[in-house]
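Shown next, in structure tokens, is the structure this report addresses.
What's counted below: heavy atoms across the whole structure, side chains too, no hydrogens, waters or symmetry copies. Naming: A, B, ... by sequence-line order, numbering from 1 per chain.
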Amino acid sequence: MSSNGDLQFSVLAEVFERMEEITSRNALTDMLIDLFKRAPPEILDEIVYLMQGKLYPDFVGVELGVGEKLLLRAISLASGLSQERVEELYRKLGDIGRAAEEAEKSRKQVVLFREPLTVHRVYTTLERVAKASGEGAQDSKVKLLASLFNDAEPLEARYLARIVMGRLRLGVADYTVLDALAVAFGGTKEAREVVERAYNVSSDLGLVARTVAAEGLEGLKSIRITVGRPIRPMLAERLSSPKEILDKMGGKVAAEYKFDGERMQVHRSGDRVMVFSRRLENITSHYPDVVEIARTGLRSSDAIVEGEGVAFDADTGEFLPFQELMHRRRKYGVEKAMEEYPVSLYLFDVIYADGVDYTTRPYMERRKKLEEIVEVGERMNIAPMMMTSDPDEMERFMMEAIEKGCEGLVVKDPSSVYRAGAREWSWIKLKREYRSEMTDTVDLVIVGAFHGRGKRAGVYGAYLLAAYDQGSDTFKTVCKVGTGFTDEDLRNFHDMLQQYVIDHRHPRVDSKMDADVWFVPQVVIEVLAAEITLSPIHTAAWGAIRPGAGLALRFPRYTGKLRTDKGPEDATTVTELVEMYRSQIKKIEETPSEGS
DNA sequence: TGTGGCTGCCC
DNA sequence: ATTCTGC
DNA sequence: GCAGAATGGGCAGCCACA
């Protein structure tokens with residue numbers, strides 16, 4: 001069955017296959033344009049959602065609930081290959097789509113009545129997968145997925161699996177889809193801007209596709225900011241010094257404290273308040289206190305404002321670490337968590353207020369409006385800001401922010417409009433850790449590795465790292481690291497480490513984590529991190545700070561320095577990590593308490 | 001009823 | 001979150 | 001410089017299973 005308002009899934013798979021050969025974004029866009037024009041408009045939104053690895057926009061809150069493991073089970077069930085065999089294929093190929101494809105090819109018995117897959121069938125079946133819950137849900141999900149693989153040709157299986165994982169890996173994502181939609185259905189030069197605007201405001205790529213295909217640009221223009229519907233957030237670039245930032249922006253800039261909490265987009269319409277996360281999930285039910293703060297602390301009864309929610313200690317007023325705030329992301333026991341980890345709000349922007357769309361207004365005007373509509377109170381605040389054109393002044397302001405428990409600064413171009421994405425360097429993050437002379441690096445021993453996926457197929461994608469414990473003369477894990485390596489590093493490390501590969505975890509390595517490959521502890525590398533956190537899984541300094549917890553690194557990355565000069569026993573020690581952990585705590589404790 | 005694996009989403 | 005890479 | 005694709009720690013919720 002085909003045609004009416006549907007598309008053979010094989011057509012999609014063939015387009016994807018051709019796209020996979022290509023790296024030029026222009027060429028990829030052209031192919032997408034062609035696909036969008038050929039596709040029946042009724043399912044254009046489904047194609048777009050599937051390409052994003054979704055069924056609905058994020059704020060709908062419906063998830064597939066299928067990851068790597070369940071998908072492997074489904075591939076195994078459909079192909080008749082054992083779970084182990086499928087996992088082996090995956091390990092070898094580094095791509096679950098290719099594993100599904102090979103599994104499909106190797107299938108012994110030919111399916112007699114194969115019902116060709118269509119896009120709509122894939123979409124609706126995945127909807128059923130998402131809906132399955134309760135007892136037996138995993139089996140149901142696996143069976144539904146297997147029903148698709150059963151009817152899939154090998155090439156279709158490749159992309160089906162990748163869609164389910166949300167990793168199409170074609171070098172095409174939201175912005176390329178927007179480009180293609182603009183050309184396919186907009187035609188004019190202003191089209192791209194209108195299409196992007198509609199996306200930023202609606203946060204729904206499927207809606208944009210559906211609308212532009214059916215009603216053209218005029219249709220898109222009717223998509224406006226609506227209280228209760230999340231806006232795609234503006235993002236920031238990073239630089240490592242005030243001078244670089246000032247060079248980039250020129251003139252006076254606005255520097256704001258950057259809090260270490262959860263970004264919150266707060267929508268208020270009368271008594272009704274909704275809170276959205278950075279990824280536009282509806283998190284209103286997690287934060288009844290924030291709802292109340294917004295209801296009473298905003299002078300505008302019809303507004304969208306944005307800020308950071310930060311947990312604080314009710315007794316001392318000190319900020320709590322991000323880790324503690326995470327206890328608030330819960331469905332049950334919200335009331336108790338609210339008492340234990342109260343949140344205060346530090347607003348930094350206004351997107352909409354009293355019928356006016358502020359996204360097109362310059363930063364300074366938005367800031368002024370924000371100050372007008374916010375009634376600063378015990379738990380309702382505006383992020384501290386200063387205007388400066390002096391790097392030293394900015395530096396002092398950053399140190400002040402850090403002493404108060406913030407991560408650093410976000411520096412903003414005073415004339416810039418609110419635009420989603422990290423565009424045109426109008427917001428720039430400045431964190432202490434970006435400056436090597438301000439942050440300690442650590443030297444850690446490579447004790448294990450994990451097979452790389454996708455473009456890292458064939459080399460290790462990440463390494464398991466450990467610190468040296470003098471007391472027991474063993475190596476205790478602290479983190480994995482998978483970023484900071486150039487492609488060349490990855491190849492070199494992979495080859496160089498072969499001589500140290502062993503069958504099992506080395507007896508001198510203490511790890512709760514199971515690596516794909518274990519090594520004799522020998523190679524030491526330099527790693528940079530934002531801070532040291534308590535860890536339920538890493539074994540370094542286990543129990544030293546808190547029973548049942550070790551220490552781990554937050555945001556670890558390889559600095560590019562291979563410490564050939566160091567033997568494994570010369571690596572950073574567990575004792576040193578404990579000292580580093582304590583000194584960062586001390587820094588927070590020295591902070592004068594929050595000026596209520 | 002408790003535990004552990006998996007998943008999704010914060011950073 | 002951070003980082004690297006092709007265009 | 002943009003857009004995309006690799007990769008991190010760790011939390012709660014859900015489901016399977018002992």
Side-chain angles (χ1 to χ4, degrees), chain A residues 22-29 58 61 63-73 94 132-141 165-179 235 237-238 248 260-264 277-281 283 286 308-309 321-333 337 407 421-425 429 431 433-434 450 452-457 459-465 478-490 513 527-538 549 551-560:
Chain A
I22 289 170
T23 52
S24 156
R25 261 193 78 226
N26 287 334
L28 288 166
T29 308
D58 289 322
E63 312 308 327
L64 269 185
V66 175
E68 194 177 286
K69 302 295 175 187
L70 282 188
L71 184 56
L72 286 168
R73 264 177 67 186
S133 69
E135 200 180 321
Q138 291 186 354
D139 276 347
S140 309
K141 285 175 194 281
M165 286 302 292
R167 293 186 179 284
L168 216 36
R169 299 187 38 245
L170 299 175
V172 155
D174 294 9
Y175 283 105
T176 313
V177 170
L178 289 178
D179 280 337
L235 304 176
E237 290 289 346
R238 288 166 308 160
K248 199 100 196 173
D260 188 13
E262 182 170 8
R263 189 163 179 175
M264 295 183 179
S277 71
R278 183 188 132 145
R279 290 235 345 231
L280 310 180
E281 300 283 325
I283 51 171
H286 300 163
E308 193 86 358
F322 175 76
Q323 251 179 319
E324 310 273 342
L325 175 68
M326 284 298 91
H327 295 303
R328 291 293 306 271
R329 309 182 38 78
R330 68 196 304 123
K331 191 170 165 184
Y332 308 104
E407 289 183 304
R423 298 317 202 73
E424 296 149 8
W425 296 81
K429 279 188 278 193
K431 291 202 211 176
E433 54 172 299
Y434 300 158
F450 302 84
R453 315 272 164 81
K455 63 184 180 187
R456 296 201 180 166
V459 294
Y460 301 127
Y463 291 99
L464 181 61
L465 303 182
V478 199
C479 65
K480 292 197 285 176
V481 64
T483 192
F485 302 98
T486 63
D487 292 353
E488 193 188 354
D489 287 335
L490 290 169
M513 195 173 266
V527 169
L528 177 65
E531 61 177 338
I532 298 172
T533 61
L534 287 170
S535 169
I537 177 78
H538 289 292
L551 293 179
L553 303 186
R554 187 184 189 196
F555 310 148
R557 60 265 200 190
Y558 176 52
T559 60

Polar pair under 3.5 Å, donor/acceptor by atom type, side chain A/Thr483, base C/dT2: yes
[X] side chain near [N] phosphate (N/O to OP1/OP2, under 4.0 Å):
| X | N | value |
| --- | --- | --- |
| A/Arg279 | B/dC11 | no |
| A/Lys455 | C/dG6 | no |
| A/Arg329 | D/dC11 | no |
| A/Thr176 | D/dG4 | yes |
| A/Lys331 | D/dG13 | no |
| A/Ser133 | D/dC14 | no |
| A/Arg557 | C/dT3 | yes |
| A/Ser277 | B/dC9 | no |
| A/Tyr434 | C/dT2 | yes |
| A/Lys141 | D/dC15 | no |
| A/Thr533 | D/dG9 | no |
| A/Gln323 | D/dC11 | yes |

How would you label the contact of [X] with the nucleic acid (heavy atoms, under 4.0 Å): base, sugar-phosphate, or nothing?
| X | result |
| --- | --- |
| A/Arg263 | sugar-phosphate |
| A/Gly261 | sugar-phosphate |
| A/Lys431 | sugar-phosphate |
| A/Tyr463 | nothing |
| A/Asp487 | sugar-phosphate |
| A/Arg167 | base |
| A/Phe555 | base |
| A/Phe485 | sugar-phosphate |
| A/Tyr332 | sugar-phosphate |
| A/Leu325 | nothing |

Distance between P atoms of B/dG4 and C/dT5 (Å, rounded):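 Result for the P pair: 40 Å, nearest Å.
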In whole angstroms, how far is the [atom2] atom of [N] from the [atom1] atom of [X]?
| X | N | atom1 | atom2 | value |
| --- | --- | --- | --- | --- |
| A/Leu170 | D/dA6 | CG | P | 10 Å |
| A/Met513 | B/dG5 | CE | C1' | 13 Å |
| A/Glu262 | B/dC9 | CD | C1' | 9 Å |

Donor-acceptor check, side chain of [X] to backbone of [Y], threshold 3.5 angstrom: yes or no?
| X | Y | result |
| --- | --- | --- |
| A/Lys429 | A/Leu235 | no |
| A/Glu308 | A/Gly261 | yes |
| A/Arg456 | A/Gly482 | yes |

Within the 6.0 Å centroid threshold, strictly below: A/Tyr463 and A/Phe485: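 Centroid separation for A/Tyr463 and A/Phe485: below 6.0 Å.
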Residues A/Gln323, A/Arg554; criterion side-chain contact (heavy atoms from CB on, under 4.5 Å); working and verdict: CA-CA 11 Å; A/Gln323 251 179 319; A/Arg554 187 184 189 196; over 6 Å; no
No-hydrogen, no-angle side-chain donor-acceptor test under 3.5 Å, A/Asp489 and A/Thr486: yes
